[in-house]
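Both ligands and their constituent atoms are indexed starting at 1 by order of listing. Keep in mind that what you see is a predicted model, and the values were worked out from it rather than measured.
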Amino acid sequence: MILICGATGRIGRQVVHNLIPEGHKVRALVRDREKATARLPGHTELVVGDMADPDVLVSALEGVTSLLLVSPVNPEQVTLQGNVVRAASKAGSPYIVKISGLGTAQDSNVDCGRWHAETEQQIVLSGLPYTFLRPLFFMQNLDFQLTTAKNEGVIRAGVGDARIAMIDVADIADVCAKLLVEVSPWMNETVTLTTNRSVSYPEVASLMSKHFGRVVIYSPQTLDAIKANLRTSGQPDWHINILLQFNQAFLQGLGDVANSRVADLLGRPARSLEDYLAQSFDQSPAVTDSDPFPS
Ligand SMILES: NC(=O)c1ccc[n+]([C@@H]2O[C@H](COP(=O)([O-])OP(=O)(O)OC[C@H]3O[C@@H](n4cnc5c(N)ncnc54)[C@H](OP(=O)(O)O)[C@@H]3O)[C@@H](O)[C@H]2O)c1
């Protein structure tokens, strides 16, 4: 039995959709049965409950041989994920695939990087077999820029022209599914997950121009401007701080670390930013044939 935490989220949901058609037994820990039923394929066994509830975790982990540990960035994440690790230790010795992220280190300047490192350390100390996956930047983070890119021809970010090795969530899900089934390929390894090429935001804008059939420019933002916008939008301080820390980490070059691990594991190239943009355009064409392409 494979347990997926965060099964209604971006990564978890796609992992379940990968595993069920292949006939694997999948259990999903979900907070909302209705949402889960709408998002997940039939034959997914649902355990309704919260990672904050140790009793639910005991039932969720019964008979589990491998599990995906993912939850949102949140000041409670160490406690929530720690509950899962403790329950897993009591249940036996399931293999844990944990999603960590940018700046994961005990002395990180990124708050959630320290939180991820704390859970990783807890897993190591538990003696359970594990793989720690560290994607840096989901291509799908660009989703919210697509409408302004297509309609106004501009994207905005605070990372200057720093290069970032992004990754498509679909590739993270493919990696997770393979590991959860086969267990052995990256046993007790920590792997940074990226495409094989990092890109700068000026390049992202240029690729968008090509794929969306109109000129898209990159308008770099100062961190002060980003902070002011986030304040206006009512984000809590802890989240604003983390978003600014992400920008600083990218500005320091922490995102420019492309590798070929995804391709090595999956035996095919990781999806490129061009693939993601082509798919995004196909899925929600916001520009018409009459839009000029003044190249
Ligand atoms: N965005 C990036 O570029 C990026 C880059 C690197 C790493 N990451 C890492 O990716 C992770 C987030 O992955 P994601 O985008 O797939 O997450 P997501 O889409 O935000 O989904 C989070 C999932 O966790 C569930 N959840 C939240 N709180 C829970 C609780 N208390 N108990 C049980 N389930 C709970 C949610 O359920 P509901 O549907 O009920 O809310 C949802 O299924 C984070 O750890 C982040 O650090 C992100």
Side-chain angles (χ1 to χ4, degrees), residues 3-18 27-40 44 46-57 59-61 67-85 87 96-105 108 110-120 132-145 157 159 164-177 190-195 204 238-239 242-243 245-247 249-250 254-255 257 262 273 276:
L3 174 68
I4 308 295
C5 302
T8 49
R10 287 189 288 187
I11 300 170
R13 177 183 178 178
Q14 292 193 52
V15 176
V16 178
H17 277 275
N18 282 358
R27 185 179 294 151
L29 175 69
V30 300
R31 295 193 292 184
D32 179 336
R33 181 180 292 279
E34 218 171 295
K35 182 177 182 180
T37 307
R39 291 191 176 190
L40 301 177
T44 311
L46 301 182
V47 172
V48 180
D50 199 290
M51 288 163 73
D53 179 352
D55 291 339
V56 168
L57 296 175
S59 356
L61 276 148
L67 73 105
L68 176 67
L69 183 53
V70 56
S71 65
V73 168
N74 184 293
E76 297 302 313
Q77 73 178 66
V78 176
T79 305
L80 296 175
Q81 296 199 0
N83 289 343
V84 178
V85 176
I96 301 182
V97 175
K98 169 173 159 49
I99 303 294
S100 296
L102 178 69
T104 299
S108 181
V110 180
D111 291 343
C112 61
R114 291 194 307 280
W115 301 339
H116 282 310
E118 201 172 328
T119 304
E120 287 186 356
F132 301 145
L133 299 178
R134 296 180 179 173
L136 306 175
F137 184 101
F138 299 173
M139 289 176 193
Q140 282 71 15
N141 293 343
L142 297 170
D143 286 357
F144 83 100
Q145 305 252 19
V159 296
I164 301 176
M166 303 181 180
I167 185 158
D168 194 309
V169 171
D171 279 339
I172 303 176
D174 287 355
V175 166
C176 290
T190 298
V191 181
T192 299
L193 286 187
T194 72
T195 50
V204 173
W238 67 262
H239 195 223
I242 287 177
L243 292 173
Q245 291 159 2
F246 282 152
N247 282 294
F250 285 127
L254 265 66
V257 291
V262 171
L273 186 62
Y276 158 78

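Applying the 4.0 Å criterion to heavy atoms of L136 picks out, from ligand 1, the atoms 5 (C).
When heavy-atom distances to ligand 1 are checked against a 4.0 Å cut-off, F138 comes that close through both its backbone and its side chain.
When hydrogens are left out, the protein atom nearest atom 6 (C) of ligand 1 is P135 O, 3.1 Å; that is the closest non-hydrogen contact. From the protein, the heavy atom lying nearest to atom 12 (C) of ligand 1 is S71 O, 3.8 Å. Closest to atom 40 (O) of ligand 1 among all protein heavy atoms lies R31 NE, 3.1 Å. N141 ND2, 2.6 Å is the protein heavy atom nearest to atom 3 (O) of ligand 1.
Look at C112 and you'll find every heavy atom at least 4.0 Å from all atoms of ligand 1. Note on ligand 1: V73 sits in its first shell, one or more heavy atoms being nearer than 4.0 Å.
Taking distance alone, with nitrogen or oxygen atoms compared against 3.5 Å, D50 approaches ligand 1 more closely than that limit. By the 3.5 Å distance cut-off applied to N or O atoms, G101 is not counted among the residues near ligand 1.
Side-chain atoms of Q77 and T119 form no donor-acceptor pair, as typed in the model, at a separation below 3.5 Å. Counted by atom type alone, E120 and S100 present one or more donor-acceptor pairs between their side chains at under 3.5 Å.
The aromatic rings of W238 and W115 sit tilted relative to each other, their planes meeting at an angle between 30° and 60°.
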